[in-house]
Participant: 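One structure, as structure tokens, below. Some questions next.
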Amino acid sequence: GNSLELGSDQTTRFSADLLSYVTPAAFHSLWSGWVRELISWRFTGNVSEATHFVGWLPLLLLLFFHQQIPARQKKFWVMITLVFLVISLGPRLYVGGFETHLPLPYALLSWLPGLAAVRAVGRAGVFVMVAVSILFGWVVHTQVERPRTIGLVAGLLALEFLFLPLPMQSARLSAAYDFVQTLPGKAVVELPAATNYPAASRALLASHVHGKEVVASIALERGADLEAQAEVKALPGVKQLLYLRTTDLLENRKEFFGQDIAETLPDALHWLGVAAILIHTDSLTSLQTDALRNLLEQKLYR
């Protein structure tokens, strides 16, 4: 198949949950904790992709006062809301994190050119938010006249979407980084390097402690030299390690002029000046853990 086709699993994972549209953001300044514990942890994808909250106040006011919206405006924006809502839900309906096995229209559309390469179909929810905002604006325009009422509506709306700059992850670093500082070499490899944003950002912070470069970390990709990144990932065995190609790591595949990865990887890491490989076991699946153990413990350092 086409290498750009990501498959239904990826599309489903990054589609919107129906309840996400009425669930406050998991990073809300006041009630983020109970929102996460109660429901948002069940949503698929990551916290950013799973946030589609349109607000309780706009929905309530639209429910009671939609009659005053001009007919043509209401018809157009309601249609936009429904179309993009259905698209954002992806190929299968999820409600509160549970799959209903109810197929949705996107399952029929996903084969169309371009749509097969869409990874985060839930981003169509942006148009739902825009349409609801415009409809809500019409309600306020036609129903709210007193300054005091305007202030009350604005205050309640601000409360619903309140956020303040708050730390989303701990900046405390592992003692392992102090040990890395004492090792010879100019670089370290942190795994997973390409799929874990929190671990990657913490690794970037730690690089200021131990003074060594983090090899091909996802947190560095946007600011790094793309040619240098490509060169590193082209080294024998390095790409399989950084991207945790479990099939390559678990099987004895000949991947560079007939050589095993256990032969090529040490030389590649030596050329990069890698002092250590740090593994974030809490961010790995059991399959990834087994693959790394098979490579590092049984092949390289047995």
Side-chain angles (χ1 to χ4, degrees), residues 1 3-10 12-14 44-46 119 169 173-207 209-210 212-221 224 228-302:
S3 61
L4 293 178
E5 295 181 5
L6 299 172
S8 61
D9 289 340
Q10 282 279 318
T12 302
R13 181 185 176 194
F14 290 99
T44 58
N46 56 51
R119 172 173 173 264
Q169 67 181 68
L173 299 176
S174 169
Y177 291 115
D178 294 326
F179 176 71
V180 169
Q181 187 177 16
T182 67
L183 298 175
K186 63 179 183 179
V188 296
V189 171
E190 300 221 17
L191 302 175
T195 58
N196 189 313
Y197 286 97
S201 59
R202 192 175 291 113
L204 182 57
L205 173 62
S207 67
V209 174
H210 53 64
K212 293 177 172 58
E213 177 187 357
V214 183
V215 176
S217 169
I218 195 171
L220 297 171
E221 285 188 350
Q229 288 277 350
E231 180 181 352
V232 168
K233 294 175 183 178
L235 293 174
V238 172
K239 189 170 188 175
Q240 288 88 335
L241 180 65
L242 294 177
Y243 285 88
L244 295 176
R245 299 275 178 84
T246 51
T247 303
D248 293 355
L249 300 182
L250 285 169
E251 298 179 4
N252 294 320
R253 289 192 172 187
K254 307 298 182 181
E255 57 88 37
F256 182 73
F257 290 101
Q259 291 181 291
D260 187 85
I261 188 174
E263 298 178 271
T264 58
L265 182 60
D267 289 337
L269 295 178
H270 178 73
W271 188 82
L272 291 172
V274 173
I277 299 175
L278 299 178
I279 301 173
H280 299 269
T281 55
D282 59 338
S283 301
L284 298 174
T285 66
S286 58
L287 178 62
Q288 291 171 329
T289 302
D290 291 342
L292 286 175
R293 183 172 288 119
N294 177 67
L295 174 66
L296 300 178
E297 295 181 3
Q298 298 179 22
K299 291 185 177 181
L300 295 188
Y301 301 108
R302 62 177 180 265

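As the structure is a prediction and not an experimental result, all values here were calculated from the model.
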Participant: Taking all atoms of both residues into account, what is the closest heavy-atom pair of A203 and V214, and its distance?
Facilitator: O-CG2, 3.7 Å
Participant: side-chain hydrogen bond (donor to acceptor under 3.5 Å, both in side chains): which pairs involve residues 265-276, sequence neighbours left out?
Facilitator: none
Participant: Measuring only between side-chain heavy atoms, which start at C-beta, is L278 closer than 4.5 Å to V189?
Facilitator: no
Participant: I need the L241 CG to L292 CG distance, nearest 0.5 Å.
Facilitator: 6.5 Å
Participant: First locate atom CD of Q288, then atom CD1 of I279, and finally report the distance between them rounded to the nearest 0.5 Å.
Facilitator: 11.0 Å
Participant: Kindly give the heavy-atom pair with the smallest separation between I277 and L191, and that separation in Å.
Facilitator: CG2-CD1, 3.9 Å
Participant: Using the rule given for side-chain contact (heavy atoms from CB on, under 4.5 Å), can you reason through V215 versus V188, listing the C-alpha separation, both sets of side-chain angles and the distance that settles it, and then say yes or no?
Facilitator: CA-CA 6 Å; V215 176; V188 296; over 6 Å; no
Participant: Let me have the donor-acceptor pairs involving side chains of residues 173-185, under 3.5 Å, with sequence neighbours excluded, atom names and distances please.
Facilitator:
residue, atom, partner, partner atom, Å
S174, OG, A176, N, 3.1
Y177, OH, E190, OE1, 2.9
Y177, OH, E190, OE2, 3.1
Q181, NE2, V209, O, 3.2
T182, OG1, F179, O, 2.6

